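Take a look at the structure below.
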Amino acid sequence: MNRIKKLKTRLGDIKIPFFMPDATRASIRGLTNNQILASGISEIVVNTYHLMLKPGANFLKNAGGIHRFMSWDGPILTDSGGYQVYSLIHKNSKLGEVTEDGARFRSVLDGSWHFLTPEKAIEIQFDIGSDMMVVLDDPRPPESSFEIQEEAVYRTIRWARRCKVEFDKQIKKRNLQNKEPLLFAVVQGGKHIDLREYCAEQLVKIGFDGYGFGGRHIDENGEFMDEIIKITANALPEDKPKFALGIGNPNDIIRCYFHGWDMFDCVIPSREGRHGRIFFWNDLENIKKKGIKYIEKNGDYKSLYDTMNIGNAKFKEDFTPFCEKCDCYACKNYTKSYINHLFSVKESLGAQMATVHNLRFYSELVEILRLEQN
RNA sequence: GGGUGGAUGGCAGAGUGGUCAAAUGCAUCAGACUGUAAAUCUGACAGCUUCGGCUUACGUGGGUUCAAAUCCCUCUCCGCCCA
């Protein structure tokens, strides 16, 4: 395999693989930019749907773009709102409807109606000031029938084409020829290999800067879909970055990486941290020395790490850090006992430190994966 | 001293004859979380159990009743009013 080693963006190169935490509403909940950077994270994801509702696309444009607005200098990927088509509409029809033209959303903030077409999704991402854009796609629940997934694939392809046309139009309109953002398309098709391959093939024909894996990557039994993930990656050009959207837990990221996926984003480190779950390494020194595959067992890398719920009573008098080997601010300064206390009294510093630590865990994870290339 | 209201599970607080091992909230103990409607949600929370039940429970002790947290009496404690 001759996979790429870096992703070129208008704000510089990013080593592959990399992980982006989700700053959905222009914030990694609870953290300052310095804390994010100090956790080894240089790229983040923001969300088109949530930002168009508040503070609004036009507002962000007038504010000078998302980078200036949130004071983040690194590359920013904008998710298109495609996932919200799924989570807010396909999972709850009261919150909107999807037609061929686009997705009609009811704002989760005030009930007002908003229309997101493929063209508008792209235009808003330009307004936001995105460095890496994602086409509007149409993901469906994983348990959907073949027919439903097939329909989603056709629509995703048609929408991707419209996005591409709009993208080129906006580049000219905004004179961005020398500082183009990247545009990613998203492969759908659920658990059906032929749909995934067809979708990939059609998207590649249109031509994008990178390609994403959309929809769920685990089946209805919670089983990781190795074949689908591997075959989808193989159906995409070797020289293009491959973005596994929304993935995932550390084990899933590692497996996806070995199947050809390069970039990841997920709410897990931030959300689960906020909820008290802490990731920690079991045998980091040996992993670094012997390579990550040394720990592999039946395709799994679960023994690499473990989690603890820091709110549990057993940590009340544990005066050691989350992880002795970790160099994050939380581990350098605080004990489990203290963080346990912060969670117990609902002091937000607890959630903040848990998030800082989990982000460092994730950045360390991709650093370990980069060693595999050499 | 006289009158009056009250005492419910770790806490707060519903219930005022049977459907009450007792609403609800908090606290406690666990669990979940995968392109964030999530600082959220779920479950457990008297004891025992062969999971059908059983035992002990609504300040104390007695009583009425087929049946009492709920009605009556005694006592203890707390609040309020009058002297």
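Naming convention: chains lettered A, B, ... in sequence-line order (proteins, then strands); numbering from 1 in each chain. FYI, side chains are in, hydrogens and waters are out, and symmetry mates aren't considered; it's all heavy atoms of this structure. Please read all numbers here as calculations on a predicted model, not as lab measurements.
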Contact class for [X] (heavy atom, under 4.0 Å): base, sugar-phosphate, or nothing?
X: A/Gly215; value: base
X: A/His217; value: base
X: A/Ser344; value: sugar-phosphate
X: A/Asn249; value: base
X: A/Leu95; value: base
X: A/Gln352; value: nothing
X: A/Ser270; value: base
X: A/Leu77; value: nothing
X: A/Asn312; value: sugar-phosphate

Measuring only the [atom1] atom in each nucleotide, how far is [N] from [M]? A whole number of Å is fine.
N: B/C54; M: B/G59; atom1: P; result: 24 Å
N: B/C48; M: B/G13; atom1: P; result: 30 Å
N: B/A57; M: B/A21; atom1: C1'; result: 8 Å
N: B/A23; M: B/U8; atom1: P; result: 15 Å
N: B/U60; M: B/U76; atom1: P; result: 15 Å
N: B/C41; M: B/A46; atom1: C1'; result: 27 Å
N: B/G3; M: B/C75; atom1: P; result: 13 Å
N: B/U70; M: B/A14; atom1: C1'; result: 13 Å

Between A/Asp327 and A/Arg360, does any side-chain N to carboxylate O distance fall below 4.0 Å? yes
With a 4.0 Å cut-off on N to O distance, would you call A/Arg155 and A/Asp138 a salt bridge? yes
Sub-3.5 Å donor-acceptor pair from the side chain of [X] to the main-chain atoms of [Y], do we have one?
X: A/Arg196; Y: A/Ile228; result: no
X: A/Thr232; Y: A/Ile229; result: no
X: A/Asp262; Y: A/Lys242; result: yes
X: A/Asn251; Y: A/Tyr301; result: yes
X: A/Asp137; Y: A/Pro139; result: no
X: A/Lys120; Y: A/Phe115; result: yes

According to a 4.5 Å side-chain heavy-atom criterion applied to Ile, Leu, Val, Met, Phe, Trp and Tyr, with indirect links allowed, do A/Leu136 and A/Ile148 form part of one hydrophobic cluster?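 Different clusters.
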What range of RNA chain B does chain A touch, first nucleotide to last, counting atoms under 4.0 Å from its heavy atoms?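 Nucleotide range with atoms under 4.0 Å of chain A: B/A27 to B/U40.
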For RNA chain B, the dot-bracket notation using Watson-Crick and G-U wobble pairs below 3.5 Å, [ ] for pseudoknot-type crossings and | for other-strand pairs, is ((((((((.[[[..)..(.....]]].(((((.......))))).(((....)))...[.[[[..)....]]].]))))))).
Name the residue closer to the 5' end of RNA chain B, choosing between A/Arg271 and A/Leu245 according to the nucleotide with the nearest heavy atom.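 The 5'-side residue here is A/Leu245.
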Pick the nucleotide of RNA chain B nearest each of A/Ala351 and A/Ser80; which residue has the one closer to the 5' end? A/Ser80
Sub-4.0 Å heavy-atom contacts from residues 122-158 of chain A onto RNA chain B, ordered by number: A/Val134, A/Asp137, A/Pro139
Will you find, in the side chains of A/Asp127 and A/Asn58, an N or O donor that is under 3.5 Å from an N or O acceptor?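 Short answer, no.
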State whether a side-chain donor-acceptor pair under 3.5 Å links A/His67 with A/Asp131.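 There is such a pair between these side chains.
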Indicate the ring-plane relationship of A/Tyr305 and A/Phe279, choosing parallel, tilted or perpendicular according to the 30° and 60° boundaries.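 The arrangement is tilted - the two ring planes meet at 30° to 60°.
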Partner of A/Lys288 under side-chain contact (heavy atoms from CB on, under 4.5 Å), chosen from A/Asn286, A/Ile292, A/Leu284: A/Leu284
